[in-house]
Amino acid sequence: MPNPHRLAFAVLAVFTLALTLVHAQQPAPPAPIEDYVRAHYTKYEFRIPMRDGKRLFTAVYVPKDPAGGPYPFLMDRTPYSVGPYGEDQYPKHLGPSEEFEKSGYIFVYQDVRGRWMSEGEFQEMRPHIDEKKSPQDVDDASDTYDTIEFLLKHVAGNNGKAGIWGISYPGFYTSASIIDSHPALAAASPQAPMTDLFLGDDAYHGGAFMLSANFGFYAFFKPNQNPETPKPTVGFDFGTPDRYQFYLQAGNIANLDKLYLKGSNWLFNDQAKHDTYDAYWQARDLSRHMKNVHCAVLVVGGWYDAEDLSGPYRTFYAINKFNPGTPTTLVEGPWVHGGWAHGDGTHLGDVQFNAKTSEYFRANIQFPFFEHYLKGKGAVQPKAVVFETGTNVWRTFDAWPPKAATAKTLYFHSGGKLSFDPPAETKGFDEYISDPNHPVPFVGYTTDTVPQRYMVDDQRFASYRPDVLVYETDPLDEDVTIAGPISPKLKIASTGTDSDFDVKLIDVYPENYPDPDDSLNGNKRIQDAPPLHMGGYQQLLRGEPFRAKFRNSWEKPEPLTPGKEADVNFTMPDLFHTFRRGHRIMVQVESSWFPLTDRNPQTFTDIPNAKPEEFQKATEQIFRQKDAASGVEVLVLP
């Protein structure tokens, strides 16, 4: 009779063997992502001396495979920290995208002067010095030059070429680095570069302070006590998820410092107190210094960048103006701030682009650009590579704006009509009452931030308000494609001595446009989030404020004379969009856009310190008659 103990042992052994075989046949689990960088790169840390003796902390990652070299340098200079710190600490990824990490570059990350582990004093957008008279005359161009010079001499296995890229603030440092560029700097890509903070980038648009975004940013971006490494911090407590309520209750801009920051961040105060285009801002306009650029440049921006929308255009135009022989390409896609660097770029908010635009950019534009100029591979890019929204296709041009585009004006007419025909009326105007104590919100929902999707959000909520003027065309008989800057030209009058005029260009979808999910149409049993209805959707394409006191000069504001007609002409950043047949073109005009921008008291006063009694209602008039026509000029492609 079999021994029951031996039988049980035999069964257990067979089961264990089978289990072992099953595990042996399964593939090994993939290594953690961060192990790829550690396995393929060796990290070095340097404190690189600048010409004035200050040392900048720099992390360098060198490929371990010498057979694949020599390798070019690819740099990123940042005020946001190059952590993790320590030669045994590695990041999860290197470079602009995965393609670079696998291809092999010597990656260089540097804390800029005065930030984190770098020595020196930090300045907001440090002004460029055209004529340097001593080693003490330093800027970000000289710091980059000295860094490249050091790397060439002290990092083995390099091929003698360097590239640099950066997004937003690092985009500014990229732009600054190419002025009087080092001979070894062969390629640069300033992406959403901060270029002129007063004229259309982060701080001011049309003279109006970008309130919510700036206070939100400087609540965490504070001066360093360098050298130091980042430490865990507690976020600013707004006390409410409703930013509209928070900023309205705060009162004027000065109260944000008085009540909350309490003098802790001079960076925010500098932004707020310099509320004209004074010497502070002019010294920081990098575009006027873009000379002696000897490397190829790929300028990148997003049509829907809520932060640095103007910077790419100013940078692109300046490089072309001062350096006509420099290979320069402008890339614009349907992206938010930095949206091309991650994700697939298929949509924004409710708007679909029917293409993986971000993936396409990374693999087919950005990577080949650096491969060509740093390794002799890849292809040369056209002058402009731009994504046409509406039709959702990539296009290339030999100039931007396209040479074939011609200026046409969309004129305002009675009854809220909009057309390319000028008005024939001898008298005509529309008016509304603007109340700064009940400003027009910039989104139709409660938000605790500046949601990036607002740049294409549905504007129906605003069109229902009595303090918003609405003009729209009849349904289009054929496609209309615009390409380039957009220029409102308004004839206005106000009962106030100052006012804002916010202009929005909108694509109105046909009423029968299909919903993404029509299963709930007409169904009253909606117990969760309401369904999205795209019929009649009013998609924001471009919107900008303009503060009337700057109508004649950014440096010397002038009050309005109550009741007197005045010209308000300004330019909004570029677009490349096709209004499809059956759609309508709409323009909305209002006098507040809160809290995206600060409130205009509608009295000519010191706005950051305006008193409660200075915030007054005003009646705004927009003329639409033969000798005082108002409208929006666009560039139309045939």
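Since the model is a prediction, treat every value here as computed from it, not as a measurement. Any value given below was found using the heavy atoms of this structure, including those in side chains, with hydrogens, waters and symmetry copies removed.
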Thr389 side-chain N/O to Phe576 backbone N/O, donor-acceptor pair under 3.5 Å: yes

Derivation of the side chain to side chain contact (heavy atoms under 4.5 Å, CB included) call for Met290 and Arg314: CA-CA 10 Å; Met290 299 300 298; Arg314 290 187 179 277; over 6 Å; no

Does any donor atom in the side chain of Glu307 or Ser168 lie under 3.5 Å from an acceptor atom in the other side chain? no

For Asp502, what residues pass the salt bridge (Lys or Arg N to Asp or Glu O under 4.0 Å) criterion, not counting sequence neighbours? none

Does CG in Asp627 sit with more than 12 non-hydrogen atoms of other residues, nucleotides or ligands closer than 6.0 Å? yes

Start with the C-alpha distance between Leu418 and Met586, add both sets of side-chain angles, then the distance that settles side chain to side chain contact (heavy atoms under 4.5 Å, CB included), and finish with yes or no. CA-CA 7 Å; Leu418 184 72; Met586 176 183 285; 5.7 Å; no

Could you list all the ring pair (Phe, Tyr, Trp, His ring centres under 6.0 Å) pairs where at least one residue sits in residues 461-492, not counting sequence neighbours? Phe412-Tyr471

Please enumerate all residues that pass side-chain contact (heavy atoms from CB on, under 4.5 Å) together with Ala628, with sequence neighbours excluded. Lys491, Glu565, Phe623, Gln625

Quick one, Trp554 and Gln282 - any side-chain contact, counting heavy atoms below 4.5 Å? no

As an exercise, state the distance from CH2 of Trp303 to CG of Asp574, rounded to the nearest 0.5 Å. 6.0 Å

Name all residues meeting the ring-ring contact (aromatic ring centres under 6.0 Å, His included) criterion together with His583; count only those two or more places apart in sequence or in a different chain, and write none if there are none. Tyr509

Tell me every residue that passes side-chain contact (heavy atoms from CB on, under 4.5 Å) with Phe217, counting only those two or more places apart in sequence or in another chain. Tyr80, Phe220, Phe221

Lys273: what forms a salt bridge (Lys or Arg N to Asp or Glu O under 4.0 Å) with it, not counting sequence neighbours? Asp270

Can you give me the closest heavy-atom contact between Tyr537 and Val456, atom names plus distance? OH-O, 3.7 Å

Partner residues of Phe579 under the ring-ring contact (aromatic ring centres under 6.0 Å, His included) criterion, sequence neighbours left out: His577

With sequence neighbours left out, write down each residue that passes salt bridge (Lys or Arg N to Asp or Glu O under 4.0 Å) with Glu388, or none if nothing qualifies. Arg395

Once side-chain contact (heavy atoms from CB on, under 4.5 Å) is applied, do any residues pair with Gln616, and if so which ones, sequence neighbours excluded? Thr603

Note, Val331 side chain near Gln191 side chain (heavy atom, < 4.5 Å): no

Result block: side-chain N/O donor-acceptor pairs under 3.5 angstrom for residues 192-216, not counting sequence neighbours:
{"residue": "Thr195", "atom": "OG1", "partner": "Pro193", "partner atom": "O", "Å": "3.0"}
{"residue": "Thr195", "atom": "OG1", "partner": "Gly311", "partner atom": "O", "Å": "3.3"}
{"residue": "Thr195", "atom": "OG1", "partner": "Thr315", "partner atom": "OG1", "Å": "3.1"}
{"residue": "Asp196", "atom": "OD1", "partner": "Phe198", "partner atom": "N", "Å": "3.2"}
{"residue": "Asp196", "atom": "OD1", "partner": "Leu199", "partner atom": "N", "Å": "3.1"}
{"residue": "Asp196", "atom": "OD2", "partner": "Tyr277", "partner atom": "OH", "Å": "2.6"}
{"residue": "Asp201", "atom": "OD1", "partner": "Ser310", "partner atom": "N", "Å": "3.4"}
{"residue": "Asp201", "atom": "OD1", "partner": "Gly311", "partner atom": "N", "Å": "2.8"}
{"residue": "Asp201", "atom": "OD2", "partner": "Thr195", "partner atom": "N", "Å": "2.8"}
{"residue": "Asp201", "atom": "OD2", "partner": "Asp196", "partner atom": "N", "Å": "3.1"}
{"residue": "Tyr204", "atom": "OH", "partner": "Gln271", "partner atom": "O", "Å": "2.8"}
{"residue": "Tyr204", "atom": "OH", "partner": "Ala272", "partner atom": "O", "Å": "3.3"}
{"residue": "His205", "atom": "ND1", "partner": "Glu544", "partner atom": "OE1", "Å": "2.9"}
{"residue": "His205", "atom": "ND1", "partner": "Glu544", "partner atom": "OE2", "Å": "3.2"}
{"residue": "His205", "atom": "NE2", "partner": "Gly200", "partner atom": "O", "Å": "2.9"}
{"residue": "His205", "atom": "NE2", "partner": "Asp201", "partner atom": "O", "Å": "3.0"}
{"residue": "Asn214", "atom": "ND2", "partner": "Asp202", "partner atom": "O", "Å": "2.9"}
{"residue": "Asn214", "atom": "ND2", "partner": "Met210", "partner atom": "O", "Å": "2.7"}

Check whether Tyr244 reaches the backbone of Pro439 with its side chain - one donor and one acceptor, N or O, closer than 3.5 Å. yes

With heavy-atom distances below 4.5 Å as the criterion, would you say the side chains of Arg599 and Leu248 are in contact? yes

Answer yes or no: is there a side-chain heavy-atom contact under 4.5 Å between His128 and Leu286? yes

Give, for atom CG of Asp598 and atom OH of Tyr247, the distance between the pair rounded to the nearest 0.5 Å. 11.5 Å

Any side-chain heavy atom of Phe238 sitting closer than 4.5 Å to one from Asp448? no

Within a 6.0 Å radius of atom CD on Glu478, are there more than 12 heavy atoms belonging to other residues, nucleotides or ligands? no

Looking only at atom types and distance, does a side-chain atom of Asn323 sit under 3.5 Å from a main-chain N or O of Val293, one as donor and one as acceptor? yes

Quick one: does Ile585's side chain get under 4.5 Å of Leu505's, heavy atoms only? yes

side-chain contact (heavy atoms from CB on, under 4.5 Å) partners of Pro402, counting only residues at least two apart: Phe397, Trp400, Ala483, Leu637

Answer yes or no: is there an ion pair linking Arg581 with Asp479, defined by an N-O contact shorter than 4.0 Å? no

Backbone of Gly536 reached by a side-chain donor or acceptor of Gln538 within 3.5 Å: no

Are Trp266 and Pro223 packed together at the side-chain level, in the sense that at least one heavy-atom pair is separated by less than 4.5 angstrom? yes

Please determine whether a side-chain nitrogen of the Lys or Arg among Asp474 and Lys417 lies less than 4.0 Å from a carboxylate oxygen of the Asp or Glu. yes

Ile433 atom CD1, neighbour heavy-atom count above 12 within 6.0 Å: no

Is the shortest heavy-atom distance from the side chain of Ser434 to the side chain of Asp467 under 4.5 Å? no

Can you label the angle between the Tyr173 ring and the Tyr169 ring as parallel, tilted or perpendicular, going by 30° and 60°? parallel

With sequence neighbours left out, write down each residue that passes salt bridge (Lys or Arg N to Asp or Glu O under 4.0 Å) with Asp350, or none if nothing qualifies. Arg453

Checking Glu620 against Ser494: is there a side-chain donor and acceptor pair closer than 3.5 Å? yes

Between Thr447 (side chain) and Thr449 (backbone), is there a donor-acceptor pair under 3.5 Å? yes

Which heavy atom in Gln245 sits nearest to a heavy atom in Thr240, and how many Å separate them? OE1-OG1, 3.9 Å

Report yes or no: does Trp281 contribute a side-chain atom to a donor-acceptor pair with the main-chain N or O of His274 at less than 3.5 Å? yes

